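Below is one structure; the comments refer to it alone.
From a predicted model like this one, the values you see are computed outputs, not experimental measurements. First the proteins, then the strands, lettered A, B, ... as listed; each starts at 1.
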2 protein chains.
Amino acid sequence: MDLDDRNKKVLQAVIDSYIASGSPIGSTVLVKRFDFGVSSATLRNIMADLEEMGYLTHPHTSAGRIPTDLGYRYYIDSLISVENDSEDIEEHLQQAPQLQGDDLQELMEEASRFLATLSHCAGVIVAPSESEATYRHIEFVRLRGRQVLIIFVTSNGIVQNKLIDIDESIRQQDLNGFSAYLDEEIEHRSLAEIRQQLIEKIKEEKLVFMQLMDETYRASQDVQERENEKVYIGGASQMLESPEFANVEKMRALFKAFEDKYKLLKLLDRSVSAQGIKVFIGSENPYFEMQGCSMVVGNYNAGSNVVGTLGVIGPTRMQYKQVIHVVDYTAKLLSKLLGERFQRGLDR
Amino acid sequence: MDLDDRNKKVLQAVIDSYIASGSPIGSTVLVKRFDFGVSSATLRNIMADLEEMGYLTHPHTSAGRIPTDLGYRYYIDSLISVENDSEDIEEHLQQAPQLQGDDLQELMEEASRFLATLSHCAGVIVAPSESEATYRHIEFVRLRGRQVLIIFVTSNGIVQNKLIDIDESIRQQDLNGFSAYLDEEIEHRSLAEIRQQLIEKIKEEKLVFMQLMDETYRASQDVQERENEKVYIGGASQMLESPEFANVEKMRALFKAFEDKYKLLKLLDRSVSAQGIKVFIGSENPYFEMQGCSMVVGNYNAGSNVVGTLGVIGPTRMQYKQVIHVVDYTAKLLSKLLGERFQRGLDR
DNA sequence: TATTAGCACTCTATATTGGAGAGTGCTAAT
DNA sequence: ATTAGCACTCTCCAATATAGAGTGCTAATA
């Protein structure tokens, strides 16, 4: 961090040029493209200094300089100005909703492709995590024999379902009754509480429903878990456009990693806590062992209680400024869509 | 088709060897590995004949022979014996269900990965197409204001939903009533018929529900369309293992093609009509412009009325015999699972 | 003291060359 | 009809040469 002004400028110039061109930057190129008022020899000295400090490196003795991960880090923390033109984004948000999937799942897929297209990287979205208290409606549909399909509707319009087996055959009519009962109660308490309440009532009367309640409770947990594990990846082939992945082995590893969505989930979840856009550069991320990859991630929300993560995975040499914008924009867009479409409890 | 016995044997030997090794097969190799009772010179003559007939070709003058698409076609149609050991498969089906997703979607994803793992190719599954008449239950859930979520449950346990806006605010109670009415009627007629019936009733009374009915009808079509467009691709990275795709450009094109699922869908749908396993070799398939790729596809069903397609996409040089087995097995497995789990109308 | 010019040196990328090996196609003999 | 033999072709691989880009160092300069 103890860089004087000129050093900063040179570092920025090198990284900018490298991001743009993809090939190592030599002193003469720098002198031609920028006007530092010094000769190439001086630049060589400066670059040697920057290399000693760990911000730049050499692929080989007689090649130009490329940024190290540390260099990128400094670049992002101190050098690029992500203009906070929130008005500009706001404007865009007003006019171009662009996403219109009316199923949550569809919306997520669309959004991940949207991210990918704008960023030229792979777009990744982690489905919103639900808290238990938000069920709006629970429905039971009897299929054949002892099979019952439970349908959960959350207040933001997400529909989930789970098939269960129960011991005794129950009439659809009774199921409807139970459903109505749950709908009524769910306004005031969580499923866990209702279950507790039923356990107390058990000696009195409705013994039949106890098992159903238990199954419902368990199913709701299953369903939550399942939904929380969903990762949408869109436009992965975008990443292959950049020459960084001309190496077949790397490509292969990349796609293997993408198929193991669980790891991705863990990685992305780590950053959920904080607000704002975060950038993970190359080796900085411990879970995703992929050399030469960076991630730009942000959060989105719906109303207030539902929050998910979204972001972009691309080569370390990416257009950070632009990508940060795109992620920011998409996060806001998604939040807005989820917020307005599934807004909670206004008229309950 | 006018091949004498010896020519057939040589063709088979060449293709078998090429599939196994991946490199062009020369006359000496053939003479060493197989016992034709003739010299390499004679084999050269035979191979030259086969080349003239279009079954084999040369990468260059002094290389061994490799099969043409026509050669593969002949190989599959006439030379390989896919032993119809249906007992064997039956046995497997009995003991190892292997797939256990309890959501249809989950099951499809699992199955596509299953295909990929066993075949070392990419596994592709087209979601079962529904016919309109199979709804088991239709449910309306009022969200805020004029938004209503319609939930469709088909008789095989697939849940679909769609958000609609209606003109006037309706009470949840009324919605429940309408739902019950539809549930009752849907037993006897299709949605289209019910709609017709309501139109006739319109002058009399229930004017309010007409709009809802229209929306419901439209939504059901949307939902069907959406479900029918779903293609699940699993284990795409499996394909990259084979040296055929060491070429970066090919890999890139492949993944681009995979992301455009619509084309895949069209391609796979074409073969839905017929029963049994079909093999499309390289250039034989008109929609999917991907050189060096073959597809092995089959059908699955659930009960009787629901049918989908599943298959495998891999390099033209694939282990056809084995892959055909795998596709056959998976199709039967999936049919069995869907059949037993979502069996229709046994106790209605 | 900081900067610059100049030059030797290093390393990559690319083209060229020259076998070695594999395989064919043809011819003449069986 | 089959075979042995041989000349020919083509790829693959390693070795070699060459041009170009860029550095690091030294000595001169402001």
A/R65 side chain near D/dG22 phosphate (N/O to OP1/OP2, under 4.0 Å): no

Phosphate OP1/OP2 of C/dT3 contacted by A/R6 side-chain N/O (<4.0 Å): yes

Atom pair distance, as rounded to whole Å: [atom1] in [X] and [atom2] in [N]:
| X | N | atom1 | atom2 | result |
| --- | --- | --- | --- | --- |
| A/D49 | C/dT3 | CG | C1' | 13 Å |
| A/L30 | D/dG22 | CG | P | 11 Å |
| A/H60 | D/dG22 | NE2 | C1' | 9 Å |
| B/N7 | D/dT2 | CG | P | 10 Å |
| A/L56 | D/dG22 | CG | P | 15 Å |
| B/E51 | C/dG25 | CD | C1' | 11 Å |
| B/I66 | C/dT24 | CD1 | P | 13 Å |
| B/H58 | D/dC10 | NE2 | P | 11 Å |

Sugar-phosphate, base or nothing in reach of B/A63, heavy atoms under 4.0 Å: sugar-phosphate

Which heavy atom of [X] sits nearest to which heavy atom of [Y], and what is that distance?
| X | Y | value |
| --- | --- | --- |
| A/S27 | A/R44 | OG-NH1, 3.2 Å |
| A/G71 | A/I15 | O-CD1, 3.5 Å |
| A/P59 | A/P24 | CG-CG, 3.9 Å |

Taking the minimum atom-to-atom distance to the side chain of [X], which one of [options] wins?
| X | options | value |
| --- | --- | --- |
| B/V38 | C/dG25, D/dG24, D/dT3 | D/dT3 |
| A/R44 | D/dG24, C/dT10, C/dG23 | D/dG24 |
| A/S62 | D/dT11, C/dC11, D/dT3 | C/dC11 |
| B/T61 | C/dT3, D/dT9, D/dT23 | D/dT9 |
| A/N45 | C/dT10, C/dT4, C/dG25 | C/dT4 |
| A/S39 | D/dT3, C/dC11, C/dA5 | C/dA5 |

Side-chain heavy-atom pair B/V124, B/Y232 within 4.5 angstrom cut-off: no

Salt-bridged, [X] to [Y], with N to O below 4.0 Å?
| X | Y | value |
| --- | --- | --- |
| B/D4 | B/K8 | no |
| A/K256 | B/E241 | yes |
| A/D328 | A/K332 | yes |

A/Y72 ring center near A/Y320 ring center (under 6.0 Å): yes

Going by purine N1 to pyrimidine N3 plus the second Watson-Crick contact, or the G-U wobble pair, all under 3.5 Å, which nucleotide sits opposite [N]?
| N | answer |
| --- | --- |
| C/dG23 | D/dC8 |
| C/dA29 | D/dT2 |
| D/dA15 | C/dT16 |

Strand-adjacent residues in residues 19-29 of chain A, judged by heavy atoms under 4.0 Å from DNA chain C: none

